[in-house]
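Here is the structure we will look at.
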Amino acid sequence: MPSASFSSSRSYVRRSRRKGGHRIPLPSRTQSSEPCESVPCPNNVTGSAMAATACAGPSGSGGGGSGGAPPVPAAPAAATPAGHHSPYDLRRKSPPAYHEPGPSGSCSLPARKRPRTSLSQGVDVCNVSQYLQYELPDEVLLCILSHLTERDLCRVAQVCKRFNTIANDTELWKSLYQSVFEYDTPLMHPAPCQFEFVAPDECDADNPWKESFRQLYYGIHVRPNYRPKKDSRIKHFNTIRAALEYVEERSGVSCSSGGSCSCGGGGSGSGSASGGGSGSAGVCSCRRTPAPPPALLFVHAGLYQEECLAIDTDVQLIGCAPGNVAESVVLEREAESTLTFAEGANRAYAGYMTLKFSPDATSTMQHHKHYCLEVSDNCSPTVDQCIIRSASVVGAAVCVSGAGANPVIRHCDISDCENVGLYVTDYAQGAYQDNEISRNALAGIWVKNFANPIMRRNHIHHGRDVGIFTFENGLGYFEANDIHNNRIAGFEVKAGANPTVVHCEIHHGQTGGIYVHESGLGQFIDNKIHSNNFAGVWITSNSNPTIRRNEIYNGHQGGVYIFGEGRGLIEHNNIYGNALAGIQIRTNSDPIVRHNKIHHGQHGGIYVHEKGQGLIEENEVYANTLAGVWITTGSTPVLRRNRIHSGKQVGVYFYDNGHGKLEDNDIFNHLYSGVQIRTGSNPVIRGNKIWGGQNGGVLVYNGGLGLLEQNEIFDNAMAGVWIKTDSNPTLKRNKIFDGRDGGICIFNGGKGVLEENDIFRNAQAGVLISTQSHPVLRRNRIFDGLAAGVEITNNATATLEHNQIFNNRFGGLCLASGVSPLVRGNKIFSNQDAVEKAVGGGQCLYKISSYTSFPMHDFYRCQTCNTTDRNAICVNCIKTCHSGHDVEFIRHDRFFCDCGAGTLSNQCQLQGEPTQDTDTLYDSAAPMESHTLMVN
């Protein structure tokens, strides 16, 4: 008979229960891969002896191996019908007729039904065999088989097709499986160091319980005080140490049997505790033959406290219990490390158990080098589905150290430890995946001293310190981790550490998201960094990380905060919705900030202060509540090719000695002006497009300076450039055009040098100089204005040299009463002089100006009509509408006519239908200044 096998058969022959019906004849042995053979039966053999003969091997030894160890189970045969229930229906069948022995003495099957013969009639042994194989009801057989061991079940399955089917019953194997392994669900073991519970209805195997039994069969068990079945070949031990010693002993025997193997991997090990099993195996380096899989130890439920486990061989330890396996199997130590893997444990495994290190509080022993789990040099174990707890206030729960330390730690729960959760150091590596690391007193993870782990899909949260801390040249690749609610930063990088962090979510940190300091490095790419109490990213003290393609949003303070001589490359990030500045640069920091989107901040976009520097280029800064970019207190950044737009205040704001360069930027559509310069600030603003400002293009005030050169300033709602209150900028070679107010407005003591600018097509004066201002205008071209070219009023003066002023509607140079500028070498020509023409034609000046322009001419007041100091009446309305009234000449200045506007009691006789309007404004409306409080 073939050796014992775990194989099963698809086919099963049904027999009719109908009275008088014909039975379907069983197939001959040539029709079946597992035949039910006809056995010659001497008449003096009893029924019980026949049963034993049917189940026994050729030698009568029960089919056992020569070494006394469990045999290597064979793979299952062809599948049975779909589903994992019993592959047959239980039946109470009519027994088949007795078959006469054939000529050869064997029991043959007749072609038709024969009369039934009872065993009580004293028939020969063939009748006994016939009854056992065909007449005994299935229920009885199942009851009998439930008392057999796995080896005996495999032998019974080879007796005949019917026995094969019944011996492969799902419930039968489930009961046997749970008596041996105790698991509630089949545990599959497809390869060394790989274990997975698979629900029966999700398993591809026809009988998941039997398949799991086959894969796990070669293991030995640690089950204190357990008494296995009498004939079971499965080894059981009371302690883990005893089981490991047995494995080492068997391993030594196996190695010695392969004497010609120089690498220690010789010997098939097929009959040893470390041999057999399933899955791929290693390869012997000298013979290129498959090495045996690691020994497999099942540790059953219990508390194992006194065993010091140091593993330096390939052995697999796995918890074995019903319900929550890991919680039921506890390994605990109070002194040295609970479980240690040392050199040689290259294919070792520990899984589905709890590891505890609980040092005695009264002990004087130093525990800074004792751990729940320790992995040292030159070993690569797998730790899977373990619960790891440490009550030591020093050290770490898990320590991986030394060159060649390369474990796989996955699906573990490293939580509630009074120290660091996971510590990787001294050139160690390893893969750490899908772990739960939480509520630890110190960092969730430390990476130090050139350690280079790979950490993926870990959940690191609610730590009482930092989430992940890389320092002293620590490295590592961190991918798709969820890091949140840690008391300090979610991720900290320090002292030359250089991790790579990608696709992580770092959020709800009670301090910040990422903290890089003391010359830290690192690449942070494609992460989500949000909802942290302080800045999403902190960079300081000569650190130089790369922050790329991250989403940094909804921070309770800023997005990225660079200070204390920090540097860094900040590029292609989406930074939005933060309570303070999207990016803040201060105290001699000098980052590169480019290709970012910085928008919808509740504060400003970029804030550079306290001698901050930096190259800020090709960013899109928009829709921020305050300024798009603030530059202040001695800062000197360079801003190039940015799009700064749609802000609710200023586009770029220089104040309190803010400097720097603003080059080739597109600044537009701000509620205030595009650029403001104040209080000693002296930037270089060159080659920009500044347009669409609702309160002007550029505002220089309160002692502001600056060089504005080769800019295009256009389509602003008020003046293209405002200069006021002792400010003294230089404007060279700019184009200032299509303003919905004036081109350049200088007032309230403003100064400035305007050279070689083109100022054209503005709705008000090309240049308006007012209220004690004194600028210098040289070689400018002022043309095609819808009002005057240059207007000087309100005791202002100016120096005008070599300018060209032409084709302006209200005239070239218009001077109010008492104004005497220095005029030299100017060309004023081809202006339309619409004011003089209207006066000469007897028109009301309001007809040519409406209330949006202020033509310069003589204006009067009418005492009879009770006009106020805010009213003005043109000369033609005085002659016509107010003829005979008590009138007063005021001065020659810019105004629009209130009589024509319909704001006086008398209707204008020259204008026609009255137009309701406000009182005359002698100057353009004053710009809105930023008075934002500095709260960063």
Side-chain angles (χ1 to χ4, degrees), residues 650 655 672-679 681 693-706 708 713 716-731 734 736 739-754 757 759 762-777 780 782 785 787-800 803 805 808 810 813-822 852-856 859 869-870 872 890-896 918-931:
V650 182
Y655 68 100
Y672 291 7
S673 51
V675 177
Q676 285 191 14
I677 306 169
R678 58 170 280 193
T679 50
S681 298
Q694 299 302 304
N695 198 37
V698 179
L699 170 60
V700 189
Y701 66 109
N702 291 358
L705 302 168
L708 281 73
I713 304 171
N716 294 286
M718 300 180 71
V721 178
W722 299 85
I723 303 171
K724 59 178 283 192
T725 51
D726 300 315
S727 297
N728 191 18
T730 299
L731 280 73
N734 300 285
I736 304 169
R740 286 169 271 170
D741 199 284
I744 300 175
C745 182
I746 307 170
F747 63 106
N748 289 353
K751 303 180 184 64
V753 177
L754 281 64
N757 300 285
I759 304 168
N762 295 288
Q764 298 288 338
V767 178
L768 171 63
I769 305 168
S770 178
T771 50
Q772 300 178 347
S773 298
H774 190 172
V776 175
L777 281 73
N780 299 285
I782 305 167
V790 177
E791 292 182 341
I792 306 176
T793 183
N794 285 354
N795 298 316
T797 186
T799 298
L800 281 74
N803 299 286
I805 306 172
N808 296 286
F810 290 169
L813 177 60
C814 300
L815 306 176
S817 298
V819 172
S820 300
L822 177 60
T852 59
S853 298
F854 303 88
M856 184 170 285
F859 74 84
D869 290 343
R870 299 289 292 174
I890 302 302
R891 64 180 180 272
H892 188 82
D893 213 332
R894 59 195 305 269
F895 67 100
F896 68 77
T918 59
D919 294 337
T920 298
L921 299 176
Y922 299 120
D923 289 321
S924 296
M928 298 173 67
E929 301 172 5
S930 178
H931 297 289

Item to complete: Measure the OG1-CZ distance between Thr793 and Phe854 for me, rounded to the nearest 0.5 Å.
Response: 11.5 Å

Practice prompt. Tell me, with the steps shown, if Val790 and Asn803 meet side-chain contact (heavy atoms from CB on, under 4.5 Å).
Written response: CA-CA 10 Å; Val790 177; Asn803 299 286; over 6 Å; no

Practice prompt. Would you check if the side chain of Ser773 reaches a backbone N or O of Gly750 as a donor-acceptor pair within less than 3.5 Å?
Written response: yes

Practice prompt. Please name the pair of heavy atoms, one in Ala788 and one in Phe810, separated by the smallest distance, quoted to 0.1 Å.
Written response: N-CB, 3.7 Å

Item to complete: Drop me the distance from Thr797's OG1 to Leu822's CG, to the nearest 0.5 angstrom.
Response: 7.5 Å

Practice prompt. Please name all residues satisfying ring-ring contact (aromatic ring centres under 6.0 Å, His included) with His774, sequence neighbours left out, ordered by chain then number.
Written response: none

Worksheet item: Looking at side-chain heavy atoms only, is the closest gap between Tyr672 and Gln694 below 4.5 Å?
Response: no

Fill in: N/O donor-acceptor pair under 3.5 Å between Asn762 side chain and Asp741 backbone
no

Practice prompt. Give a yes or no answer on whether the side chain of Ser673 reaches the backbone of Asn695 with a donor-acceptor pair at less than 3.5 Å.
Written response: no

Discussion item. Would you compute the distance between atom CG of Asn794 and atom OG1 of Thr771 and round it to the nearest 0.5 angstrom?
Written reply: 6.0 Å

Fill in: Side-chain heavy-atom pair Lys724, Arg678 within 4.5 angstrom cut-off
no

Discussion item. Using every non-hydrogen atom in the two residues, find where Gly674 and Val650 come nearest and quote the distance to one decimal.
Written reply: O-CG1, 4.0 Å

Worksheet item: Rounded to the nearest 0.5 Å, how far apart are CD1 of Ile769 and CD of Glu791?
Response: 10.0 Å

Response to the item:
dist Ile792:CD1 -> Leu813:CG (nearest 0.5 Å) comes out at 5.5 Å

Discussion item. Counting C-beta onward and ignoring hydrogens, is there a side-chain heavy-atom pair between Ser727 and Ile677 closer than 4.5 Å?
Written reply: no

Worksheet item: Shortest non-hydrogen contact from Asn716 to Ala719?
Response: CB-O, 4.3 Å

Worksheet item: Please walk me through it: do Asp893 and Met856 pass side-chain contact (heavy atoms from CB on, under 4.5 Å)?
Response: CA-CA 5 Å; Asp893 213 332; Met856 184 170 285; 4.0 Å; yes

Practice prompt. Report the relative orientation of the aromatic rings in Trp722 and Phe747; use parallel for angles under 30°, tilted for 30 to 60°, perpendicular for over 60°.
Written response: perpendicular

Response to the item:
Rounded to the nearest 0.5 Å, the OG1 atom of Thr679 sits from the OH atom of Tyr701 at a distance of 7.5 Å

Practice prompt. Please identify each residue that fulfils side chain to side chain contact (heavy atoms under 4.5 Å, CB included) with Asn757, with sequence neighbours left out.
Written response: Leu731, Asn734, Leu754, Ile759, Asn780

Fill in: Side chains of Thr725 and Asn702, donor plus acceptor under 3.5 Å
yes

